[in-house]
Each structure stands twice: as structure tokens, then as C-alpha cells.
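Let me begin by presenting the structure, written as C-alpha cells, before commenting on it.
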Amino acid sequence: MAGGDWSSLPADLLDLVSGHLATERDHLHVRQVCTHWRASVTSRLAAPFRPWVIASSADPLGLGSTGKYSLWLPDGVGRIEVSSPTDLPYCCGTSCGWLVLADDKKSPTQLVLWEPCSGTRILLPPLARVIQEKIDHNLLYWRPGEAAWTAYMPEGEAHYTCLRTHSAAFHAGKMYCANLIKRIAVYDLSQVAALASPPPMIVQHLLPHYSPAAHFVTFNGSLLLVLLFHNDSTPLFPEVYKVDPRDITPSRLFLDLQKSERVKDLGAYSLFLGRGDSFALSAEEHPTICRNCIYYVGPYAHRQKKQRWALVFDLESQVLEAITFPAMDNDNSAKGWWPFSWFCPRKSVLLKKG
């Protein structure tokens, strides 16, 4: 390096240093220094920025428990090639930075929690028996030490569990679920290991009925409920409420959201909604996302036609931005990939090309 010109640092040294950076913001700043620095570290940082979109090879409106999957950047342009297990090509869902993978769609014999940063696998009981019994879309539960999953079908409540669950969130020892017809269920998991029967459940209908989808999200110690609305001209218009868990009781048939606090400012955070796991992320820790926004992927974004890959709604400006499907995938709804959920690894994943 002559005359203190940092832009002339050797490419192999820059590549080595970039492998020790701790945050995605540091990686972004390295790329912004100059063209030489950006070119020198690009080979290592094939997919550093989170979150990612999980896409299915089948339309999510018709998707069952599992489907062949791929990982994408939020704009749908860059596919993320991680070294995922080749013996587990089907994805059942995500939770807290883990992917739930299976070896077969119809009769899986392996069900594994997989963490892409470390490659860690946690083996779960297989789903072959419960799928063969045709209880797809039902809630299943399993306690450590048991040999198999059990379908949650308590007497008088099968009507809820036979419908597709859109959203699930965990808060204060309870699991909150919202299904296809905006009916919510709360499961008390605080003593599940000691109970011989399924975890206790409270069920109520969710209002308003004209909302096509609802998502629970935990955020800064609170429980949020996001309602999604749409019409022919507005594909997504969300309303966010802070729900008091005490309002969800067996004595009340409906959840009255007029008593709940309307949330219009998430601060430096944004919400990511899709089928299954939903979560909040800080824009300060994830520099490629915008603050105070709601990001959505799923069937209510594309509505059976490949028009919108994802939707981004700014809570402050009330402006909706639609991210279109990749051009090569846009003209054929029978092929390609359908985005249906978000995935955020627990830390940045550095990929070394070649």
C-alpha cells in the first residue's frame, strides 16, 4: 500500500478480513468503500443479508404439509445457494432460525430441525403415520421422550384443527394460532411436559370477518395481531393491534379489537409475515430492510397469479410497494417458485463461492 491509499489493499487480504466481520452492517460498509473492496469481498459474501424468502415449487394455496423449497433474497432476483441437506429436500416450516425438513412429501421417514449457520441437525419423530391417516393441516404435538407425534383433536374441537393455520406465535408460555377462517386458538404450554392430555386450549372467533388473514407476532415482550385487508385496487392494507392476553378467555366468544391498542409506529423494527412463522427484525441490525414497515409474502400477495412476489407496507407513510415476480418466472404460473414464508438465520451466513 503506497501513500496511505486504502483502496490498493490486496484482494486476498480484504477477503480474509471480511471473513472475521461480525455484523451485516460491517459487511455492507466494506462493500461501500470503493469498487475494488466490493469486488474483493463479493466472492465470500454470496448471501450475507437477512431475512430470506422461502419459496415452494407449488402454489401455497394448494400446498400441503411439505413441499420442495428454495431460498431467495427479498427482491426475488437472487437465489441463495446454501449447502442444504440433499437427503431432506422438503420444507415443512420454520421457527426461530431453524428449518423443518423432511425426506419425502407423502410418506416422510425423516423429520429434522436444521440450522444452516452451523449445519446442526435435531432429529424429530417422523410424520409418516400421521400423514397416512390423512390429518394434514391438523395441529400435532410431541413431548420429549415420546416415540411419535399425536394429532390434537380434543372432543368438540376438531373443526378448528382441520383448517390450515396461517400464523403461530409464542408468548409467556402460550402458543397463539390463527387459522384460515380467522379463528384463533391459544394453547397453554407452561406445563405440557407434565400433562397426560393435550395442552389446554381456548378458542374464539376473530373479528372483523372481512379480514382475509390474521397473523400473531411477538414484539418487544408484547403480543401483536396483524389483520390484512385487500380489495381489487389495494392488495394489502394491514392494521396492527397490541393484544392483551387477558382478553382471550373462555367466557368471551369474540375478540373485541376496539379495546386493543392500535400500533402505528414500530420504531426501528419491521414485521415479516408469511405462512407459519412471523417475526420482528431491527433495521439497525439488518441494514437492507426499512424501519417501521410490514413485509408480506404468501397467497394474498399474488392471488393465484404471479404478479407480486412480495408486498412492503410503510406504516408511517401508508404507502404500499409491490415487488414483482422475476421476469423469467412471471409468465408461467404452473412452473417456477411461489414465495410463502420468511426465514431469518440466527446469524449472518457467509458463503464462499467456488
Side-chain angles (χ1 to χ4, degrees), residues 22-29 47-54 71-76 93-98 117 166-178 184 211 213-229 235-245 257 260-298 300-301 309-323 339-349:
T23 68
E24 293 175 355
R25 186 169 296 278
D26 289 338
H27 291 299
L28 182 63
H29 289 166
F49 302 125
R50 302 164 293 168
W52 305 339
V53 171
I54 301 180
L71 299 171
W72 297 77
L73 295 177
D75 58 9
T94 69
S95 181
C96 302
W98 294 77
C117 298
H166 272 200
S167 169
F170 298 90
H171 177 71
K174 295 181 175 63
M175 182 174 71
Y176 295 79
C177 300
I184 63 176
S211 167
H215 294 261
F216 281 110
V217 190
T218 54
F219 171 69
N220 283 350
S222 299
L223 180 68
L224 301 184
L225 181 62
V226 184
L227 301 180
L228 303 179
F229 303 89
L236 173 68
F237 189 89
E239 292 183 1
V240 185
Y241 295 89
K242 184 178 179 180
V243 178
D244 187 342
L257 292 177
S260 300
E261 177 186 346
R262 178 81 178 271
V263 178
K264 297 183 180 181
D265 187 0
L266 299 169
Y269 286 81
S270 286
L271 304 182
F272 291 80
L273 311 180
R275 181 182 171 188
D277 192 28
S278 299
F279 47 81
L281 293 177
S282 168
E284 295 179 355
E285 298 177 8
H286 301 81
T288 58
I289 69 174
C290 298
R291 63 178 300 279
N292 200 30
C293 289
I294 294 177
Y295 291 75
Y296 176 77
V297 295
Y300 295 104
W309 173 267
L311 297 170
V312 184
F313 184 83
D314 189 312
L315 284 175
E316 181 177 1
S317 66
Q318 300 285 291
V319 172
L320 176 72
E321 176 188 357
I323 301 174
F340 73 93
S341 188
W342 295 94
F343 175 63
C344 187
R346 293 186 294 173
K347 63 180 182 180
S348 181
V349 178

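Heavy-atom basis, side chains included; hydrogens, waters and symmetry copies ignored.
In this structure a side-chain-to-backbone donor-acceptor pair under 3.5 Å is present from Trp309 to Pro74. For Ser270 (side chain) and Cys290 (main-chain N/O), a donor-acceptor pair under 3.5 Å exists by modelled atom type. Between the side chain of Arg346 and the backbone N or O of Cys96, no donor-acceptor pair lies under 3.5 Å. Looking only at distances, a side-chain donor or acceptor of Arg50 sits under 3.5 Å from a matching main-chain atom of Pro345. Panel note: side chain Ser167, backbone Cys177; no donor-acceptor pair is recorded below 3.5 Å.
With rounding to the nearest 0.5 angstrom, the CG atom of Leu281 is 5.0 Å from the CD1 atom of Ile289. Annotation: the span from Asp244 atom CG to Glu261 atom CD amounts to 10.5 Å, rounded to 0.5 Å. Separating the CD atom in Glu239 from the CG atom in Leu228 is a distance of 10.0 Å, to the nearest 0.5 Å. Atom OH in Tyr176 sits 9.0 Å away from atom CD1 in Ile184 (nearest 0.5 Å). With rounding to the nearest 0.5 Å, the separation of CD1 in Ile294 from NE2 in His215 is 10.0 Å.
For Val297 against Ser341, the heavy-atom pair with the smallest separation is CG2-N, 3.5 Å. Taking both residues in full, the closest heavy atoms of Val53 and Leu73 are given as CG2-O, 4.3 Å, listed atom of the first, atom of the second, then distance. Closest heavy-atom contact between Ser95 and Asp277: CA-OD2, 3.6 Å. Scanning all heavy atoms of the two residues, the minimum distance from Val217 to Ala280 falls at CG1-N, 4.1 Å.
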Problem - Audit row: Arg291, Glu316, side chain to side chain contact (heavy atoms under 4.5 Å, CB included) steps and yes/no - result: CA-CA 10 Å; Arg291 63 178 300 279; Glu316 181 177 1; 4.1 Å; yes
Practice task
For Phe216 and Leu224, run side chain to side chain contact (heavy atoms under 4.5 Å, CB included): C-alpha distance rounded to whole Å, both residues' side-chain angles, the deciding distance at 0.1 Å, then the answer.
Solution key: CA-CA 6 Å; Phe216 281 110; Leu224 301 184; over 6 Å; no
Problem - Test side chain to side chain contact (heavy atoms under 4.5 Å, CB included) applied to Leu315 and Asp265, step by step - result: CA-CA 7 Å; Leu315 284 175; Asp265 187 0; over 6 Å; no
Practice task
Show your working on side chain to side chain contact (heavy atoms under 4.5 Å, CB included) between His171 and Ser222 and close with a plain yes or no.
Solution key: CA-CA 8 Å; His171 177 71; Ser222 299; 5.6 Å; no
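The salt bridge (Lys or Arg N to Asp or Glu O under 4.0 Å) search around Asp314 returns none, not counting sequence neighbours. A search for ring pair (Phe, Tyr, Trp, His ring centres under 6.0 Å) contacts involving Phe272 returns Phe279, Tyr295, Trp342, not counting sequence neighbours. Evaluation of the ring pair (Phe, Tyr, Trp, His ring centres under 6.0 Å) rule for Tyr241 yields no partner, not counting sequence neighbours.
Counting heavy atoms from C-beta on, the side chains of Phe219 and Tyr269 come closer than 4.5 Å. Looking only at side-chain heavy atoms (C-beta outward), Leu227 and Leu257 come within less than 4.5 Å of each other.
Annotation: Phe313 is not in aromatic contact with Tyr296 [ring centroid separation under 6.0 Å not met].
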